[in-house]
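Please read these numbers as outputs of a predicted model, since none were measured by experiment.
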Amino acid sequence: MSVPLYQAKAEMFRTLGHPVRIRVLELLQDGPQPVRDLLAEIDVEASNLSQQLAVLRRAGIVTSFRDGALVMYALSTPDVADLLAAGRRILGAVLTDRDGLLVELRAQGKRR
């Protein structure tokens, strides 16, 4: 029996729901990177980064390959970068709406 699409989407978003994983994906938008470079940019223990990369790899969101002695990671599809960009747009809209609501609430409070 196959998994319903909505359930598969929910699982993908759960996979993305970790700050280290999001940071890894942000860094990989610029192209494949070795683990050592990711580790230099993300303030976590090597074992934690390895664990998070394994989660992303199992989910098919990133791929890994060897380049000589280096293990390289890359986004599995450019659509991942598009998803991150959509997240930034949505977050910007939500925060803008909240700021606007806060200004409106403060303005109403002064009138009363």
Side-chain angles (χ1 to χ4, degrees):
M1 186 168 160
S2 66
V3 173
L5 182 58
Y6 65 85
Q7 190 173 344
K9 287 179 183 178
E11 184 59 37
M12 180 191 65
F13 281 110
R14 273 193 294 277
T15 299
L16 297 175
H18 192 284
V20 171
R21 293 181 209 146
I22 293 294
R23 185 66 182 128
V24 165
L25 297 176
E26 289 173 344
L27 292 169
L28 293 178
Q29 289 180 99
D30 296 331
Q33 293 195 33
V35 174
R36 69 173 187 216
D37 290 359
L38 295 171
L39 196 54
E41 292 292 327
I42 303 171
D43 188 27
V44 295
E45 296 291 324
S47 60
N48 187 348
L49 179 59
S50 177
Q51 188 176 44
Q52 303 310 326
L53 286 166
V55 169
L56 291 169
R57 197 174 55 247
R58 279 193 305 270
I61 297 171
V62 300
T63 60
S64 65
F65 59 93
R66 285 204 166 273
D67 183 11
L70 299 175
V71 177
M72 304 288 290
Y73 282 86
L75 298 179
S76 62
T77 171
D79 293 333
V80 175
D82 294 342
L83 180 61
L84 293 172
R88 283 190 298 274
R89 287 191 306 273
I90 292 166
L91 186 57
V94 168
L95 293 177
T96 298
D97 289 348
R98 286 184 188 165
D99 290 345
L101 181 59
L102 184 58
V103 168
E104 186 178 332
L105 286 170
R106 286 182 180 159
Q108 285 181 355
K110 290 180 182 179
R111 284 185 247 149
R112 293 187 180 175

**Item:** Partners meeting side chain to side chain contact (heavy atoms under 4.5 Å, CB included) with Asp37 (sequence neighbours left out)
**Value:**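 Asp37 satisfies side chain to side chain contact (heavy atoms under 4.5 Å, CB included) with Gln33, Pro34 once adjacent residues are dropped.
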**Message:** Run the side chain to side chain contact (heavy atoms under 4.5 Å, CB included) test against Ala59 and tell me which residues pass, sequence neighbours left out.
**Reply:**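 By the side chain to side chain contact (heavy atoms under 4.5 Å, CB included) rule, Ala59 matches Thr15, Ile61.
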To the nearest 0.5 Å, what is the distance between [atom1] ([X]) and [atom2] ([Y])?
X     : Y     : atom1 : atom2 : value
Gln51 : Leu56 : CD    : CG    : 11.5 Å
Tyr73 : Leu53 : OH    : CG    : 4.5 Å
Arg57 : Gln52 : CZ    : CD    : 12.0 Å
Glu41 : Leu49 : CD    : CG    : 11.5 Å

How close do [X] and [Y] get, heavy atom to heavy atom, and via which atoms?
X     : Y     : value
Ser76 : Gly60 : OG-O, 2.7 Å
Arg21 : Arg14 : NH1-O, 3.8 Å
Val3  : Ala8  : CG1-N, 3.9 Å
Ser64 : Val71 : CB-CG1, 4.4 Å
Gln29 : Leu75 : CA-CD1, 4.0 Å

**Message:** Tell me whether the count of non-hydrogen atoms from other residues, nucleotides or ligands lying under 6.0 Å of CZ in Phe65 goes above 12.
**Reply:**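 More than 12 heavy atoms, drawn from other residues, nucleotides or ligands, come within 6.0 Å of this atom.
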**Message:** If you count every heavy atom of other residues, nucleotides or ligands that lies below 6.0 Å from Asp43 atom CG, does the total exceed 12?
**Reply:**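 Atom CG in Asp43 is not crowded, with 12 or fewer foreign heavy atoms closer than 6.0 Å.
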**Request:** Following the transitive rule for hydrophobic clusters with a side-chain heavy-atom cut-off under 4.5 Å over Ile, Leu, Val, Met, Phe, Trp and Tyr, establish whether Val55 and Ile22 coincide in one cluster.
**Result:**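 Cluster IDs for Val55 and Ile22 differ.
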**Request:** Tell me whether Val24 is reachable from Phe13 by hopping between hydrophobic residues (I, L, V, M, F, W, Y) whose side-chain heavy atoms are closer than 4.5 Å.
**Result:**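 Shared cluster, yes.
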**Request:** For the pair Leu16 and Leu84, evaluate side chain to side chain contact (heavy atoms under 4.5 Å, CB included) and give the outcome as yes or no after the intermediate values.
**Result:** CA-CA 10 Å; Leu16 297 175; Leu84 293 172; 5.9 Å; no
**Prompt:** Where do Leu28 and Val80 land on the side chain to side chain contact (heavy atoms under 4.5 Å, CB included) test, with the steps shown first?
**Reply:** CA-CA 10 Å; Leu28 293 178; Val80 175; over 6 Å; no
**Item:** Met12 vs Leu83 side-chain heavy atoms within contact, under 4.5 Å
**Value:**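 In short, these two side chains touch, coming nearer than 4.5 Å.
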